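Accompanying notes for the structure given below.
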Amino acid sequence: MRSREAPLVAGLPPCVRAAFRAGTELKAERIVIAEADAAFLKKWDFQFRAAAAPLSDALDPELPVLAVAADVFPDERGLAHFAAAAVPLGAARRVLDGRTIAAYA
């Protein structure tokens, strides 16, 4: 997930909401928010901790990766459904209007 400026959804950046969903729906081993600086992470720390979202600054090459565009707000259970469909395939992507908004590898 990238932390670039995106419109807020009910007062939160979409990448914070997506990280919350990933933490609660997928029980992610780690969540990396690309280009997130210390100020951004500090500002939204409460939301990340509430989701038990284990933030990290690096990917683990042994774990699969689910990438979500910064301006995308997944529907409830959307990440779980996407990951469940992608895992047996080994890789998948979701395209909306010609733009990749989520990818799993």
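Note that the structure is predicted; figures quoted are calculated from it, not measured.
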Can you give me the closest heavy-atom contact between [X] and [Y], atom names plus distance?
X	Y	answer
Ala18	Val68	CB-CG1, 4.5 Å
Thr100	Ala103	CG2-CB, 4.4 Å
Arg30	Ser56	NH1-OG, 3.5 Å
Leu66	Leu26	CD2-CD1, 3.5 Å
Gln47	Lys43	OE1-O, 4.3 Å
Trp44	Pro13	CZ2-CD, 3.3 Å

Q.
Would Val87 and Tyr104 count as a side chain to side chain contact (heavy atoms under 4.5 Å, CB included) here? Give the steps.
A. CA-CA 8 Å; Val87 168; Tyr104 176 90; 3.4 Å; yes
Separation of [Y] [atom2] from [X] [atom1] (nearest 0.5 Å):
X	Y	atom1	atom2	value
Phe20	Ile31	CZ	CD1	10.5 Å
Ile101	Leu96	CD1	CG	5.0 Å
Thr24	Glu76	OG1	CD	8.5 Å

Q) Can you name the side chain to side chain donor-acceptor pair (under 3.5 Å) partners of Asp45, sequence neighbours left out? A)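 Partners of Asp45 by the side chain to side chain donor-acceptor pair (under 3.5 Å) criterion, ordered by chain and then number, come out as Arg49.
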Q. Can you tell me if Asp75 uses its side chain to pair, donor with acceptor, with the backbone of Gly78 under 3.5 Å?
A.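 Here the side-chain-to-backbone pair does not exist.
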Q. Above 12 or not: heavy atoms from other molecules or residues under 6.0 Å from CZ of Arg93?
A.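 Open.
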Q: Apply salt bridge (charged side-chain N to carboxylate O under 4.0 Å, His left out) to the pair Asp71 and Arg99, showing each step before the final yes or no.
A: CA-CA 12 Å; Asp71 58 348; Arg99 178 176 163 239; 2.6 Å; yes
Q: Applying side chain to side chain contact (heavy atoms under 4.5 Å, CB included), run through Asp57 and Val32 and close with a yes or a no.
A: CA-CA 6 Å; Asp57 60 358; Val32 177; over 6 Å; no
Q | Candidate pair Arg21 and Arg77, rule side chain to side chain contact (heavy atoms under 4.5 Å, CB included), full reasoning | A | CA-CA 8 Å; Arg21 288 257 163 96; Arg77 304 291 306 149; over 6 Å; no
